[in-house]
Colleague: 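I'd like to ask you about the structure that follows.
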Amino acid sequence: MFDHNKRYNQRRPDTELETEQHPRTPLQLHVPNDVGEVAIQRFVEGVISTLKRERVGVEYTSTTLFGVKRTQYLAQGDGTTVQKRMYDPRLGWRETSVRQLTVQDDLVARLTLDQPVEDGQWTRRRDVCRVRPIDVLRTR
């Protein structure tokens with residue numbers, strides 16, 4: 001009994017994301033953040049598994065000096081292939097197909113940024129990665 005209470009009453013570190021405890025809440029993470037790389041990898045794994053189970057997509061929104069850039073990942077078929085949609089205010093929409101592992105690596109790399117790379121010293125920018133229904137993403 002003592003071991004049971006001791007094990008279940010311990011708090012996890014604040015840098016861990018509790019994605020599996022709240023599966024119905026929207027998955028979302030702001031960048032830059034103070035979340036550890038292991039927690040980010042767990043977050044991305046949760047996002048990828050959600051892509052496979054439900055009709056949702058992942059959107060990474062980045063605010064730059066030129067406007068809002070969007071990168072969307074929409075699962076296709078069994079989830080191993082993903083449609084990547086990129087929006088740049090100057091260029092419009094572009095689409096390509098990528099593998100699930102590429103999406104995972106791309107999201108981990110973006111979410112671990114300490115500060116904006118492409119905009120120099122403009123550090124007030126807050127990028128956001130969130131899971132949204134596919135219908136919402138297609139109308140953006």
Side-chain angles (χ1 to χ4, degrees):
M1 175 95 170
F2 176 76
D3 290 332
H4 177 273
N5 287 337
K6 183 178 177 183
R7 186 173 17 167
Y8 288 103
N9 288 333
Q10 288 180 343
R11 290 190 52 169
R12 290 183 173 183
D14 290 337
T15 58
E16 271 190 53
L17 296 172
E18 305 286 342
T19 56
E20 69 276 350
Q21 287 187 359
H22 306 288
R24 296 283 181 210
T25 60
L27 296 172
Q28 176 174 300
L29 184 61
H30 291 274
V31 178
N33 57 58
D34 59 354
V35 179
E37 190 170 343
V38 172
I40 287 175
Q41 288 174 348
R42 286 188 61 219
F43 173 80
V44 171
E45 288 170 4
V47 166
I48 297 294
S49 69
T50 303
L51 275 179
K52 291 179 179 180
R53 287 192 322 260
E54 301 175 23
R55 293 208 26 88
V56 294
V58 180
E59 181 176 56
Y60 187 92
T61 305
S62 175
T63 305
T64 67
L65 292 173
F66 301 108
V68 177
K69 291 184 178 181
R70 299 181 191 284
T71 304
Q72 299 175 348
Y73 302 98
L74 310 171
Q76 297 176 327
D78 61 356
T80 58
T81 305
V82 177
Q83 179 186 23
K84 180 178 181 180
R85 301 177 71 217
M86 298 159 286
Y87 175 77
D88 185 309
R90 296 171 292 164
L91 304 172
W93 283 101
R94 294 176 290 146
E95 296 182 5
T96 186
S97 291
V98 294
R99 302 200 49 78
Q100 172 196 329
L101 292 174
T102 305
V103 174
Q104 194 167 347
D105 292 343
D106 187 30
L107 287 176
V108 168
R110 287 176 177 231
L111 294 173
T112 55
L113 288 177
D114 291 332
Q115 62 182 356
V117 177
E118 62 199 37
D119 295 333
Q121 298 299 322
W122 192 37
T123 58
R124 292 187 184 155
R125 182 175 96 189
R126 296 291 289 181
D127 293 358
V128 179
C129 179
R130 63 176 60 109
V131 174
R132 291 188 164 182
I134 287 179
D135 299 339
V136 171
L137 294 178
R138 290 235 183 249
T139 59
R140 299 197 94 184

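All of these numbers come straight from a predicted model, not from anything done at the bench.
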Colleague: Do L137 and I48 share a hydrophobic cluster (ILVMFWY, side-chain heavy atoms under 4.5 Å, transitive)?
Modeller: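 Different hydrophobic clusters.
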
Colleague: Kindly indicate whether the side chain of R132, heavy atoms from C-beta on, has any atom under 4.5 Å from the side chain of V56.
Modeller: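 No; the side chains remain at least 4.5 Å from each other.
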
Colleague: Salt-bridge test for E59 and R70: reply yes if a basic N is under 4.0 Å from a carboxylate O, no otherwise.
Modeller: yes

Colleague: Does some side-chain heavy atom of Y60 sit less than 4.5 Å from a side-chain heavy atom of V128?
Modeller: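 No, side chains not in contact.
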
Colleague: Using atom types as modelled and distance alone, determine if a side-chain donor or acceptor of Q83 lies under 3.5 Å from a backbone N or O of T96.
Modeller: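 Not at all, since once roles are kept as given, no pair shorter than 3.5 Å links the two residues.
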
Colleague: Does the cation-pi check pass for R90 over F66, that is, NZ or CZ under 6.0 Å from the six-membered ring centre and within 45° of its axis?
Modeller: yes

Colleague: Which heavy atom of I134 sits nearest a heavy atom of G57, and at what distance?
Modeller: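 For I134 versus G57, the nearest heavy atoms are CG1-N, 4.0 Å.
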
Colleague: Which atom pair, heavy atoms only, marks the closest approach of V68 to P89?
Modeller: O-CD, 3.5 Å

Colleague: Measure the shortest side-chain to side-chain distance between V47 and Q104 over non-hydrogen atoms and say whether it is less than 4.5 angstrom.
Modeller: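 Side chain of V47 against side chain of Q104, heavy atoms only: no contact under 4.5 Å found.
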
Colleague: With V103 as reference, evaluate L101, L107, D106, D105 under the side chain to side chain contact (heavy atoms under 4.5 Å, CB included) test and give the passing residue.
Modeller: L107

Colleague: Less than 4.5 Å apart, side chain to side chain, heavy atoms only: is that true for R138 and Q72?
Modeller: no

Colleague: For S49 versus G46, what's the shortest heavy-atom pair and its separation?
Modeller: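 Looking at all heavy atoms of both residues, the shortest contact is OG-O, 3.0 Å.
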
Colleague: About how many Å separate CZ of R130 and CG of L27, when rounded to the nearest 0.5 Å?
Modeller: 12.0 Å

Colleague: Can you give me the closest heavy-atom contact between T63 and D127, atom names plus distance?
Modeller: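 It is N-OD1, 3.7 Å.
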
Colleague: Would you say L51 and V136 are hydrophobically clustered, going by side-chain heavy atoms of ILVMFWY under 4.5 Å?
Modeller: no

Colleague: Sequence neighbours left out, what pairs pass ring pair (Phe, Tyr, Trp, His ring centres under 6.0 Å) with at least one residue falling in residues 81-105?
Modeller: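 Ring pair (Phe, Tyr, Trp, His ring centres under 6.0 Å) check on residues 81-105 returns Y87-W93.
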
Colleague: Applying the side chain to side chain contact (heavy atoms under 4.5 Å, CB included) test to V35, which of T112, L29, L111 qualifies?
Modeller: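 Exactly one pass, corresponding to L29.
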
Colleague: Do L74 and R85 have side-chain heavy atoms sitting under 4.5 Å apart?
Modeller: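 Yes, close enough: below the 4.5 Å cut-off.
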
Colleague: Do you know the tightest heavy-atom contact between Q76 and V82?
Modeller: OE1-C, 4.3 Å

Colleague: To check you understand the geometry: which heavy-atom pair defines the closest contact between R110 and Y73, and what is its length?
Modeller: NE-OH, 4.4 Å

